[in-house]
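Bear in mind the structure is a predicted one, so any value in this text is a computation, not a measurement.
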Number of protein chains: 2
Amino acid sequence: MNRSIQDVARLAGISSRTLRHYDQIGLLAPSGTGPGGLRQYDDARVRRLQRILLLRDLGLPLTDIGRVLDEQADEAGALRLHLDQLRAEQDRLARQVASVERTVTAIEKGERLMAEDMLDGFDHTQHEEEVTERWGADAYARSDAWWRGLGPEGQKEWQARTKELGEAWGEAARRGVDPTSEEAQALAARHAAWLGGIPGTPGSEQGRPTKEYVVGLAEMYVADPRFAKNYGGTEGATVVRDALVAYAEREL
Amino acid sequence: MNRSIQDVARLAGISSRTLRHYDQIGLLAPSGTGPGGLRQYDDARVRRLQRILLLRDLGLPLTDIGRVLDEQADEAGALRLHLDQLRAEQDRLARQVASVERTVTAIEKGERLMAEDMLDGFDHTQHEEEVTERWGADAYARSDAWWRGLGPEGQKEWQARTKELGEAWGEAARRGVDPTSEEAQALAARHAAWLGGIPGTPGSEQGRPTKEYVVGLAEMYVADPRFAKNYGGTEGATVVRDALVAYAEREL
DNA sequence: GTAGAGGTTGACGCCGCGTCAACCGCAAGA
DNA sequence: TCTTGCGGTTGACGCGGCGTCAACCTCTAC
């Protein structure tokens with residue numbers, strides 16, 4: 001019972017291109033070739049194809065399928081390993097969905113009522129005391145002037161970005177990432193870049209905030225609930241602080 | 001405040017390659033080029049990069065990000081659309097995870113106690129009455145001879161494949177797929193190919209089951225609970241039947 | 001003069017095929 | 001006999017988002 005490539009493709013509900021691909025990568029070679037190099041598949045190949053497709057439907061990569069089928073490797077074991085990856089991907093997706101959801105509602109809220117919630121959530125002028133106390137009245141005045149200069153639209157925009165950044169931090173913190181991990185450090189880098197883009201912050205002339213400013217601010221995130229709430233509470237803020245401090249020590 | 005590519009990369013916690021890529025695809029061009037073609041980025045580009053990375057973290061594709069940022073397109077709208085896709089992917093993953101789980105337990109069960117559960121689940125000899133009644137005692141005898149010829153190992157193997165195929169059907173049925181959809185028809189094709197590979201089934205000499213055999217069997221899947229349970233009950237079996245009948249009409 | 005840092009452009013690789021393009025062999029009809 | 005058409009063949013690009021060479025350039029410091 002030798003079948004042509006089209007026969008097999010129709011039988012299996014796949015394309016002939018897929019069969020040629022499987023031949024090419026050594027996953028399923030035809031049993032022989034007829035006149036003109038036409039591929040022929042016997043019953044054994046068709047059965048092998050069945051198993052390939054069943055495993056493929058489970059999301060197993062083709063290379064793994066090849067190993068399982070060729071080396072008599074442990075099928076259940078391979079699937080359980082695969083299951084772990086699927087679940088990890090599930091987690092990632094769930095977090096991303098939640099993150100997007102929060103971002104969307106934040107944006108829409110911000111569009112409808114830009115006053116209360118967001119100004120309250122991260123009002124730039126909110127930390128006047130701390131700023132003046134730590135970096136002098138000059139710094140605050142410059143910063144405040146910049147803030148007013150933004151205008152309502154600019155302020156809304158700025159707050160939205162702020163909230164998005166806080167969102168990213170909160171998400172990572174809830175997940176319990178290591179503050180020294182590559183991911184947390186990348187976030188810290190972006191946080192620092194963001195701070196450095198605000199005229200009036202110490203070091204903004206060099207385009208990056210000073211180490212002292214970042215470290216001080218990081219401590220404030222933990223100490224002051226008004227800031228901490230932007231990063232998932234005190235616990236979240238602790239992660240943010242540790243990450244920022246580590247980053248500042250390294251790069252600033 | 002013009003920064004070099006490395007500066008920006010470190011600031012943002014990404015690689016310089018990524019920045020070059022963004023330049024290449026027109027997502028983020030540098031503000032200018034210095035001596036030797038060195039890319040330079042001003043503050044506005046850095047801020048744009050911030051937004052790019054925030055949206056990228058949410059899983060939005062780069063092309064969409066470009067549209068949102070360039071055409072002042074509706075950011076919340078784009079994200080909600082993206083959210084739909086994420087949720088669809090979540091569904092797909094959840095179903096796949098469940099499917100893999102069931103397959104794994106089925107395999108392990110089959111390894112430990114191959115007797116009861118699986119023989120009960122889909123005993124080939126189980127439908128002797130129907131086979132003899134509909135296709136004659138000859139067909140049953142041939143089929144039965146083939147079955148015995150498989151031996152215990154072969155029977156176990158065959159049953160495992162059977163269960164996997166039933167699994168795929170059950171999964172699709174629970175999802176409520178249209179029996180005439182491409183997906184269901186592909187499954188039907190594979191089901192038919194599987195039947196055609198069993199010596200003794202009418203039409204197996206041609207490598208594919210006859211239309212009448214498939215249609216009759218499909219009806220039995222719905223009518224007989226012993227079969228229906230392999231496809232998610234009567235409801236599931238109905239989908240299987242409709243898909244198989246449609247396939248048989250078209251291809252056999 | 002030469003080494004080194006920090007760039008540049010160009011290209012391949014990943015994964016699982018879809019989708020051309022250009023060609024070949026065989027059978028049926030004008 | 002020529003043409004048309006079917007059913008294949010090999011080869012190559014494309015997708016997404018970059019990582020990772022390779023080969024080359026420019027400027028500075030020793």
Side-chain angles (χ1 to χ4, degrees), chain A residues 2-41 45 49 52-67 69 82 85-86 89 92-93 96 182-183 186 251, chain B residues 2-41 45 49 52-69 82 85-86 89 92-93 96 182-183 186:
Chain A
N2 277 333
R3 285 175 251 260
S4 74
I5 193 170
Q6 282 294 356
D7 277 1
V8 177
R10 266 199 308 275
L11 272 168
I14 58 177
S15 75
S16 60
R17 174 66 179 91
T18 298
L19 284 169
R20 254 173 259 122
H21 181 59
Y22 290 174
D23 185 9
Q24 210 169 9
I25 64 174
L27 181 58
L28 178 69
S31 49
T33 51
L38 302 200
R39 276 168 252 252
Q40 294 181 333
Y41 295 84
R45 316 291 156 153
L49 178 58
I52 290 173
L53 295 179
L54 283 168
L55 291 173
R56 190 190 66 166
D57 283 355
L58 298 180
L60 208 63
L62 296 184
T63 50
D64 292 12
I65 295 179
R67 267 197 295 275
L69 296 189
H82 176 52
Q85 299 172 0
L86 286 181
E89 178 66 8
R92 216 187 49 74
L93 253 184
Q96 199 167 71
E182 209 172 324
E183 187 192 351
E251 299 284 351
Chain B
N2 277 333
R3 284 176 251 261
S4 74
I5 193 170
Q6 284 293 357
D7 277 2
V8 176
R10 266 199 309 274
L11 271 169
I14 59 177
S15 75
S16 61
R17 174 68 179 91
T18 298
L19 284 170
R20 253 174 259 123
H21 182 59
Y22 290 173
D23 184 10
Q24 210 168 9
I25 65 175
L27 181 58
L28 178 69
S31 48
T33 52
L38 301 199
R39 275 167 254 251
Q40 294 181 333
Y41 295 84
R45 317 291 155 153
L49 179 58
I52 291 173
L53 295 179
L54 283 168
L55 291 173
R56 190 190 66 166
D57 283 356
L58 298 179
L60 208 63
L62 296 184
T63 50
D64 293 11
I65 294 178
R67 268 199 293 276
V68 168
L69 296 190
H82 176 53
Q85 299 172 359
L86 285 181
E89 178 66 9
R92 215 188 50 76
L93 253 184
Q96 200 167 68
E182 208 173 325
E183 187 192 349

Interatomic distance, [X] [atom1] vs [N] [atom2] [rounded to whole Å]:
X	N	atom1	atom2	answer
Q40(A)	dT9(D)	CD	P	10 Å
L28(A)	dG16(C)	CG	C1'	15 Å
L19(B)	dC18(D)	CG	P	10 Å
N2(A)	dG7(D)	CG	P	19 Å
I14(B)	dT20(D)	CD1	P	15 Å

So what does S4(A) hit on the nucleic acid, given a heavy-atom distance under 4.0 Å: a base, only sugar-phosphate, or nothing?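 Here S4(A) touches the backbone only, sparing every base.
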
Looking at every strand, decide which applies to S15(B) at a 4.0 Å heavy-atom threshold: base, sugar-phosphate, or nothing.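 The residue S15(B) makes sugar-phosphate contact but no base contact.
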
Please compare L38(A) and H21(B) by the position of their nearest nucleotide in DNA chain D and report the one closer to 5'.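 Upstream on the strand: L38(A).
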
Let me spell it out: for each of R56(B) and I5(A), pick the nucleotide of DNA chain D with the closest heavy atom. Which residue's pick is nearer the 5' end?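 Looking at DNA chain D, the more 5' nearest nucleotide goes with I5(A).
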
Between R20(A) and S16(A), do the side chains contain an N or O donor and an N or O acceptor separated by less than 3.5 Å?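 Result is yes, a qualifying pair exists.
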
Pick the closest DNA chain C nucleotide for R10(B) and for T18(A) by heavy atoms, then say which residue is nearer the 5' end.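 Taking each residue's closest nucleotide, the earlier one in sequence belongs to R10(B).
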
Is a side-chain donor or acceptor of [X] paired with a backbone partner of [Y] at a separation under 3.5 angstrom?
X	Y	result
S31(B)	Q40(B)	yes
H82(B)	L58(B)	yes
E89(B)	L93(A)	no

Can you tell me how far apart [atom1] ([X]) and [atom2] ([Y]) are? Round to the nearest 0.5 Å.
X	Y	atom1	atom2	result
R17(A)	I5(A)	CZ	CD1	9.5 Å
I25(B)	L62(B)	CD1	CG	5.0 Å
L49(B)	T18(B)	CG	OG1	9.5 Å

So, is Y22(A) close to the dG16(C) phosphate, meaning a side-chain N or O under 4.0 Å from OP1 or OP2?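 The answer is no; no side-chain N or O of Y22(A) sits under 4.0 Å from OP1 or OP2.
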
Can you tabulate the close N/O pairs, meaning under 3.5 Å, that link protein atoms to atoms of nucleotides 10-16 of chain D?
unit_1: dT10(D); atom_1: OP2; unit_2: R39(A); atom_2: NH2; d: 2.1

